[in-house]
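Have a look at the structure below before the remarks.
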Amino acid sequence: MERFTTLTSRTVVLPAANIDTDQIIPARFLTTTTRAGLGKRLFADWRYDEHGVPRAEFALNQPAAAGCRILVAGRNFGCGSSREHAAWALIDHGFRAVISTEFADIFANNALKNGLLPVIVEEATAAWLIAHPGAALTIDVARHTLTLPDGTTVSFPLEAFARHRLLEGVDELGFLLAHASQFDAYVRRA
């Protein structure tokens with residue numbers, strides 16, 4: 001997992017509420033156990049027509065979306081099934097953070113386990129972000145803050161262990177393996 005300390009990026013906005021994991025990565029693309037290439041399938045039913053041609057009006061297909069690493073979404077992002085592929089597809093596309101007023105619990109956990117930061121903001125902040133697609137934001141993981149273009153800083157909740165893993169660039173298994181000698185020493189004493 002790549003370290004995540006700070007990020008400055010423009011945003012892409014998908015204002016719809018209740019974007020579920022089947023919309024994020026349709027079930028027909030879940031035939032792989034690798035992460036590579038899933039970004040091409042991200043929001044496939046919205047991004048492409050029935051012939052696979054990109055829909056020009058879809059936010060991710062617009063030239064302004066190129067290089068954006070922050071997705072702003074409506075409330076209850078990632079609801080539906082528990083597929084980890086949803087986080088994989090967002091990351092493979094290039095996103096490092098998703099901002100919403102609410103995330104489905106399983107999606108948020110899957111995101112954090114894979115280095116994708118779910119940022120929960122209040123309604124007023126979310127409304128401003130949705131009204132200003134392409135806004136340049138800065139996320140500071142250590143301080144768990146989001147800085148808006150005018151310098152306003154808002155805090156977001158981030159559990160300490162998740163913050164540690166993001167800052168160190170280590171998933172849960174990597175964290176445990178890094179402490180294996182301590183576990184072994186404890187077991188030998190018991």
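We're numbering straight along the sequence, starting at 1.
A donor-acceptor contact shorter than 3.5 Å links the side chain of Gln62 to the backbone of Glu57. Distance alone, capped at 3.5 Å, is enough to place a donor-acceptor pair between the Asp49 side chain and the Val53 backbone. Proximity of a side-chain donor or acceptor of His144 to a complementary backbone N or O of Pro157 within less than 3.5 Å is not detected.
No single ILVMFWY cluster, assembled from side-chain heavy atoms under 4.5 Å apart, contains both Trp46 and Tyr48. Linking ILVMFWY side-chain heavy atoms closer than 4.5 Å, directly or via other members, places Val12 and Val98 in a single hydrophobic cluster. Under the 4.5 Å side-chain heavy-atom criterion for ILVMFWY residues, no single connected hydrophobic cluster contains both Leu158 and Phe95.
Atom CD1 of Ile106 is surrounded by 12 or fewer heavy atoms from other residues, nucleotides or ligands within 6.0 Å. The local environment of CG in Asp105 is sparse, with at most 12 non-hydrogen atoms from other residues, nucleotides or ligands closer than 6.0 Å.
The distance from the OG1 atom of Thr147 to the CG atom of Asp150 is 9.5 Å, given to the nearest 0.5 Å. For the atom pair Leu166 CG and Glu159 CD, the distance stands at 10.0 Å (nearest 0.5 Å). Here the SG atom belonging to Cys79 is positioned 8.0 Å from the CD1 atom belonging to Ile24, to the nearest 0.5 angstrom. Summarising the geometry, atom CD1 belonging to Ile120 is positioned 12.0 Å from atom CZ belonging to Arg75; distances are rounded to the nearest 0.5 Å. Between the CG atom of Asn18 and the CG atom of Asn76 there is a distance of 4.5 Å, given to the nearest 0.5 Å. To the nearest 0.5 Å, the span separating OG1 on Thr11 from CZ on Arg69 amounts to 14.0 Å.
The heavy-atom pair separating Ser82 from Asn110 by the smallest distance is O-ND2, 3.1 Å. Annotation for Leu38 and Thr34: closest pair CD1-O, 3.8 Å, computed over non-hydrogen atoms. Leu14 approaches Ala59 most closely through the heavy-atom pair CD2-CB, 3.9 Å. The two residues Ala66 and Arg10 have their closest heavy-atom pair at O-NH2, 2.7 Å. Leu112 and Met1 get closest at one heavy-atom pair: O-SD, 4.1 Å. Across all non-hydrogen atoms, the minimal contact from Phe103 to Val119 is CE1-O, 3.5 Å.
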Show the atom names and distances, to 0.1 Å, of all donor-acceptor pairs under 3.5 Å that link a side chain in residues 121-132 to residues at least two apart or in another chain.
residue: Trp128; atom: NE1; partner: His132; partner atom: ND1; Å: 3.4
residue: His132; atom: ND1; partner: Trp128; partner atom: O; Å: 2.7

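Side-chain contact between Leu117 and Arg96 is absent, with no heavy atoms from C-beta onward closer than 4.5 Å. Asn114 is not listed as a side-chain neighbour of Asp171, based on a closest heavy-atom distance of 4.5 Å or more. Proximity of Leu137 to Ile99: side-chain heavy atoms (C-beta onward) are separated by under 4.5 Å at one or more points. Looking at Leu167 and Phe4, their side chains never come closer than 4.5 Å, going by heavy atoms from C-beta outward. Between Glu168 and Arg3, some side-chain heavy-atom pair lies under the 4.5 Å cut-off. Using a 4.5 Å heavy-atom threshold, the side chains of Val154 and Thr145 count as separate.
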*Apply the test side-chain contact (heavy atoms from CB on, under 4.5 Å) to residues Thr6 and Ile139: give CA-CA distance (whole Å), side-chain angles for both, the deciding distance (0.1 Å), then the verdict.*
CA-CA 5 Å; Thr6 61; Ile139 296 171; over 6 Å; no
_Under the criterion side-chain contact (heavy atoms from CB on, under 4.5 Å), I'd like the reasoning laid out for Val141 against Thr5: C-alpha separation, chi angles, the key distance, then a yes or no._
CA-CA 5 Å; Val141 174; Thr5 55; 5.7 Å; no
*Show the numbers, then the answer: is there a salt bridge (charged side-chain N to carboxylate O under 4.0 Å, His left out) between Arg28 and Asp45?*
CA-CA 11 Å; Arg28 66 186 177 278; Asp45 293 338; 2.5 Å; yes
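Ring pair Phe107/Phe77 is perpendicular by interplanar angle, where above 60° counts as perpendicular and below 30° as parallel. Ring geometry for His85 against Trp88 counts as tilted: the plane angle lies between 30° and 60°, on a 0 to 90° scale.
Between Lys113 and Glu84, no side-chain nitrogen of the basic residue sits less than 4.0 Å from a carboxylate oxygen of the acidic one, so the salt-bridge criterion is not met. Between Asp20 and Arg83 no salt bridge is recorded (no basic side-chain N to carboxylate O distance below 4.0 Å). Ion pair Lys40/Asp92 not flagged as a salt bridge, since none of the NZ, NE, NH1 or NH2 atoms sits closer than 4.0 Å to an Asp/Glu carboxylate oxygen.
None of Ile91, Ile25, Leu90, Leu71 except one satisfies the side-chain contact (heavy atoms from CB on, under 4.5 Å) rule with Leu42; the exception is Leu90.
Side-chain contact, Thr21 with Ser81: a donor N or O sits under 3.5 Å from an acceptor N or O. Side-chain contact annotation: Thr138 with Thr8, donor-acceptor N/O pair under 3.5 Å present.
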